[in-house]
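Here is the structure we will look at.
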Amino acid sequence: MTMTAVKIHWKKGLLLLFMSTCLICLYFSKTNNSQHQRNVGPILDRNLDLEKKVQDSEHENQLLKTQLRISQSQLQHTYELYEQLKEERNISSSVNQSDCRSKITMPKCEVIHIAIVCAGHNSSREVITLIKSILFYRKNPLHFHFISDEIAQLTLSTLFKTWDLPGLEVSFYLAETYKSDVSWIPNKHYSGIFGLMKLVFMKILPKDLEKVIVLDTDITFARDIAELWQLFRHLTSPKLFGLVENQSDWYLGTIWKKHNPWPALGRGYNTGLILLALDRLRQIDWMKMWRLIAEKELMSLLSTSLADQDIFNAVIKNHPHIVYNLPCSWNVQLSEHTRSELCYTELSDIQAIHWNSPLKLQVKNKHIDFFRNLYLSFLEYDGNLLRRELFSCDHLNSNISTQETKPPDLDESDECYDFRRERILMHRTHLYYLDYEYTPKPDGNDVTLVAQLSMDRLQMLEALCKHWDGPMSLAVYMSDADAQQFLVYVQTSEILRSRKDVSYHVVYKDGQFYPVNHLRNTALNEVKTPYVFLADIDFLPMYGLYSYLRKMISTLDVANTNKALVVPAFETLHYRINFPKSKTDLLHMLDMGSLFTFRYHVWQKGHAPTNFPKWRISTMPYKIQWDTDFEPYIVIKKDCPQYDKRFVGFGWNKVAQIMEIDAQGYEFVVLPNSFIIHMPHTPSFDIAKFRSSSTYRKCLKILKDEFRKDLSKKYGFGALKYVATE
C-alpha cells in the first residue's frame, strides 16, 4: 500500500467519526426540546396572541395616520386653490371685463372726453407719447381738454393744428385762472401747483360735460381707450370716481421709519388715471368736501407729498362709498417696490402702463423690456400715420379750423404738381421742443439769429453757440425717431444744455422735398426780439458779432428806418481752420488763399452786390443796390417779409425774399466790420436732384416766373423791374 492510499483511508475514518457524533447530539437535543415545549407552550401561545394584537393595532394606527395626512394635504391644496382663484378673480377682473366688453356695444361716433394737466416745455413734449398711444388704438372721436400754462397752450395748439387729425377736438384752460383755489395747499411734490389741479376739474371743465377720463402725462395705453370709457357704466350713484388701487406700500406707512403718509383706505388709490363723474361732483359740492378734509389733515401733516393724490385718498378714507375700484390692468404702476405684476397673468392683459417712478424707463421690473419697447414704439412712431379717417363718422372727419383748402388750379397732370403740392402741405410742428428762457434787453436793440437745419447738420450747433452768444431760433427738420436722437444729443452736450436762450422748433418730415422756406418761416415767427439775423446753419459768425450788431442797430437807427444790414459772407474749403479773430486776420487769409468770398467760383451773382473790394477798405457802413439773384445774409426787423413757401429744396429760396424786401423799399447797408464764414459739408440731396433732373430745373424756372408776376401784382408799377429780370 502506497503512502497516498494510507492518507485517503485515514481521512475517511475521521469523517465517519464526526458524522456519528452529530447524530447522537441531534437525538438528545430533540428529546429535551419536546419536553420543554410541553412545559412552556401555554405561555408562548398567550405571548403570540398579544404580539398579534399589538401588530394589528399598529397597522390600524398607521392607516389612520396615512388617511389623516391625505386629508390634510387635500385640505391645504383646496385652500390654496381657493385663495389662488380668489386672488385671480380680484386681480384679473380686467380679463373678465375684456371678455364682457365685446358684448357691450358703444356708439361708434360717441365722443370720448379726456382731461390732462400739462404745463411747461418738458411736459408738452412728454405728453405726445401718451397721445400717440391713444390715437393708435382709437376708433371713436376724441376731445382733449388741456389744463395748461401759456407755454403748453402755444406748443400743443400749434401741434394739433398742424397735425390735422380727423375726428379730434382740443380745448385749453389756463391753470393760472384757477390758481387761487389750490395755491394755499403746501405741496412737496415736484409737480407744484399743477399737481393739485385735478381737485378743481369740475370747476374748470364745461358745465355741460358730465364725465371725463383724467390722465397723467406719463401713461401709455395698450388698448382702445373706448374700453375704459365703457366702464363709466359701473359709476352709478353715489360713486364719484373710478380709481385703481395704489400698488406700492406708500399709504401703508412701511416705506421707511417714521413715514407718516396721508390717511387712505387700505393701500390707497393712484390718481394717475381717473374716471370722473363731473355731474355728481357738482351736485354734492365737491369743492367744499375736499377742502374741509384737506384743511383738517394739513393741521397735522403740514403739506402734501403726492399732490392731489393725498387729498383724494383722505376724502375716500372718510367716504369709502364714493369710489369704484377699476381693474388694476388699467393702471399698471411701474414705480419701485410695487405689486404691479399681480395686475396681469399675460402681457396681453395689460391695458395701460403708468411710468410713475422718477426713474421712468430705468425703473426695475420683471417685464421692463416689454414695457420699455412699447413706450419707445410710440415715442418714435411716425405721427403722420395717425391722420387716418374715422370712416363711420364722416361728419367728424373734417376739421374746418385746421384744414387748408386746396387751390382749385392744383392739377395732378401738371408736370410741376409735386412742387405745387408742397406749398400747401401741412407739416406737423412742435414749437419749443426744449426748455427756452429769454429776458428782453432794456435797450430794445436785441437780435436773434434765425436758421434751419436737418439731422446731418447737428454737429454745427456747438460751434455756433460758441460764436454767437445771443438768442437763437432754430427750426429742425426731422422724423419722430430723429427727434429722440436730437433730444439726447442736446441733453448730453454741456454747451447746448446750458444755452436756454436757444429755441428749437421741430418740423416733422413729410413730402418729397426739403421745405427750406417753411422751416425759415417757422423759426422767424417764434422770435422774441425786435430784430433778426437771417442766417444759415452752415455759417459761423465772427466772434463778437452779436454785440456788434446790437451796436450797429442803434447807431444806424434801424428802429425808425427801413434798413437791411448786410453781413458779408465768406467760405473755406477746409473742415478745420484757425478762425480769424478780426477783419485783419480775415483779409490776410483771403490773400493767402485759405478763405474766399462766398460762392465766388459757382454763383458770383448771389453776393456780388456786396462789393467785396469796397468792403476790404471800408471803415464805415455803405449802401448798395439790389441786383438780380442777390441773396445776402441780413439783419432786419422781425416783421420783415416771409420766405415764399413755393420754393422748396434747392434754388431761389432766399432770392425771392430779398427781392420782396427790396420791393418794400428797404435800403441795403453793408457793415464794414462784420463777417460770417461758410464751413464745408457734403452736398444736400436736393442739390443732387436739381443737377440731375431737367424737370426739377424746368419747374424751378416756372415758379420763378410766377413769383415775379405775383410780386408785380402785389407792389404795382415799382415791381415791374423784377418781371424783366432773368
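The figures here come from the full heavy-atom set of this structure, side chains too, leaving out hydrogens, waters and symmetry mates.
- By the 4.5 Å heavy-atom criterion applied to side chains, N122 and E126 are counted as neighbours.
- In plain terms, the two heavy atoms of G120 and I151 that are nearest each other are C-CG2, 4.1 Å.
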Working note: C343 + Q247, criterion side-chain contact (heavy atoms from CB on, under 4.5 Å); need CA distance, chi angles, decisive distance, verdict. CA-CA 9 Å; C343 292; Q247 291 156 23; 3.4 Å; yes

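- With contacts defined as side-chain heavy-atom distances shorter than 4.5 Å, the pair P320/L265 qualifies.
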Residues 129-136 side chain polar contacts: donor-acceptor under 3.5 Å, at least two apart:
from	atom 1	to	atom 2	distance (Å)
K132	NZ	F378	O	3.4
K132	NZ	L379	O	3.1
K132	NZ	Y381	O	2.7
K132	NZ	D480	OD2	2.7
S133	OG	L130	O	2.7
S133	OG	F221	N	3.1

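- With 3.5 Å as the limit, one finds no donor-acceptor pair spanning the side chains of W330 and E227.
- Looking at R428 and D382, a side-chain N of the basic residue comes within less than 4.0 Å of a carboxylate O on the acidic one, giving a salt bridge.
- Applying the side chain to side chain contact (heavy atoms under 4.5 Å, CB included) criterion to L252, with sequence neighbours excluded, gives D249, T254, R267.
- Under a 4.0 Å N-O distance rule, the pair R387/D510 qualifies as a salt bridge.
- S493 and E462 share a donor-acceptor pair across their side chains, judged by distance under 3.5 Å alone.
- With rounding to the nearest 0.5 angstrom, the SG atom of C465 is 10.0 Å from the CG atom of D469.
- Two residues are said to be in side-chain contact when any heavy atoms from C-beta on lie closer than 4.5 Å; L458 and V490 fail this criterion.
- One N or O on the side chain of N356 and one on the backbone of L334 form a donor-acceptor pair closer than 3.5 Å.
- Side chains of T338 and Q333: a donor-acceptor N/O pair is absent below 3.5 angstrom, by distance only.
- Counting heavy atoms from C-beta on, the side chains of H113 and L278 never come closer than 4.5 Å.
- The closest side-chain donor-acceptor pair between S123 and T217, if any, does not fall under 3.5 angstrom.
- Side chain of S479 to main chain of K509: no donor-acceptor pair is present (N/O by atom type, distance under 3.5 Å, no hydrogens or angles).
- For the 3.5 Å distance criterion, the side chains of N331 and H354 qualify, holding a donor opposite an acceptor.
- Atom CD of E494 has 12 or fewer heavy atoms from other residues, nucleotides or ligands within 6.0 Å.
- D501 CG to D435 CG: the interatomic distance, rounded to the nearest 0.5 Å, is 12.5 Å.
- Between D224 and R138 no salt bridge is recorded (no basic side-chain N to carboxylate O distance below 4.0 Å).
- A search for ring pair (Phe, Tyr, Trp, His ring centres under 6.0 Å) contacts involving W468 returns F533, Y546, not counting sequence neighbours.
- Heavy atoms from other residues, nucleotides or ligands lying under 6.0 Å from CD of E380 number more than 12.
- In this structure, W229 and F232 have perpendicular ring planes: the angle between them is above 60°, well past the 30° mark.
- No salt bridge links D446 with K528; every basic N to acidic carboxylate O contact stays at or beyond 4.0 Å.
- A donor-acceptor pair is defined here as one N or O able to donate and one able to accept, closer than 3.5 Å; no such pair exists between the side chain of N270 and the backbone of V244.
- For the pair I112 and I213, the minimum side-chain heavy-atom distance is below 4.5 Å.
- Going from atom CD1 of I293 over to atom CZ of F312 covers 11.5 Å, rounded to the nearest 0.5 Å.
- For residues 166-215, every residue pair satisfying the ring pair (Phe, Tyr, Trp, His ring centres under 6.0 Å) rule, not counting sequence neighbours, is listed here: H145-Y173, F146-F172.
- A donor-acceptor pair is defined here as one N or O able to donate and one able to accept, closer than 3.5 Å; such a pair exists between the side chain of R233 and the backbone of Q230.
- Side-chain atoms of R280 come within 3.5 Å of backbone atoms of L235 as a donor-acceptor pair (strictly under, hydrogens ignored).
- Cation-pi check for R223 over Y137 is not met; the charged atom does not lie both under 6.0 angstrom from the ring centroid and within 45 degrees of its normal.
- A donor-acceptor contact shorter than 3.5 Å links the side chain of T429 to the backbone of H427.
- A donor-acceptor pair is defined here as one N or O able to donate and one able to accept, closer than 3.5 Å; no such pair exists between the side chain of R499 and the backbone of M472.
- To the nearest 0.5 Å, atom OH of residue Y251 and atom NE2 of residue H259 are 8.5 Å apart.
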(request) Evaluate the criterion side-chain contact (heavy atoms from CB on, under 4.5 Å) for residue pair L159 and R125; output intermediate values, then yes/no. (result) CA-CA 10 Å; L159 177 67; R125 182 180 66 249; over 6 Å; no

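- Annotation: ring pair (Phe, Tyr, Trp, His ring centres under 6.0 Å) contacts involving residues 490-509, sequence neighbours excluded, comprise Y432-H505, F486-Y504.
- Taking the side chain to side chain contact (heavy atoms under 4.5 Å, CB included) definition, one finds that K207 meets it with R282, sequence neighbours left out.
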### Query
side-chain contact (heavy atoms from CB on, under 4.5 Å) between L496 and Y489: does it pass, once the steps are laid out?
CA-CA 9 Å; L496 301 181; Y489 180 82; 3.6 Å; yes

Identify every side-chain donor-acceptor pair in residues 301-308 under 3.5 Å, counting partners at least two apart or on other chains, and give the distances.
from	atom 1	to	atom 2	distance (Å)
T304	OG1	P186	O	3.4
T304	OG1	N187	OD1	2.8
D308	OD1	T271	OG1	2.9

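- Every side chain to side chain contact (heavy atoms under 4.5 Å, CB included) that S183 has, sequence neighbours left out, goes to K179, I193.
- We find the CG-NZ distance between N525 and K638 to be 10.0 Å, quoted to the nearest 0.5 Å.
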### Message
Could you go through V450 and R520, starting from their C-alpha distance and side-chain angles, then the distance that decides it, and tell me whether this counts as side-chain contact (heavy atoms from CB on, under 4.5 Å)?
### Response
CA-CA 7 Å; V450 176; R520 287 172 172 148; 5.6 Å; no

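- No side-chain heavy atom of L276 sits under 4.5 Å from any side-chain heavy atom of K211.
- Applying the side-chain hydrogen bond (donor to acceptor under 3.5 Å, both in side chains) criterion to E150, with sequence neighbours excluded, gives no partner residue.
- Under 3.5 Å, the side chains of Y477 and D482 contain no donor-acceptor pair of N or O atoms.
- To the nearest 0.5 Å, the span separating CD on Q309 from CD1 on I274 amounts to 8.5 Å.
- Remark: D369 pairs with R372 by the salt bridge (Lys or Arg N to Asp or Glu O under 4.0 Å) rule, at least two apart or across chains.
- No side-chain donor-acceptor contact under 3.5 Å links W355 to the backbone of I219.
- Counting non-hydrogen atoms of neighbouring residues, nucleotides and ligands closer than 6.0 angstrom, the CD atom of Q484 exceeds 12 such neighbours.
- Partners of N373 according to the side chain to side chain contact (heavy atoms under 4.5 Å, CB included) rule, which considers only residues two or more places apart in sequence or in another chain, do not exist here.
- Under the rule for a salt bridge (Lys or Arg N to Asp or Glu O under 4.0 Å), the partners of D443 that lie at least two apart in sequence or sit in another chain are R550.
- Aromatic ring centres of H367 and Y344 lie closer together than 6.0 Å.
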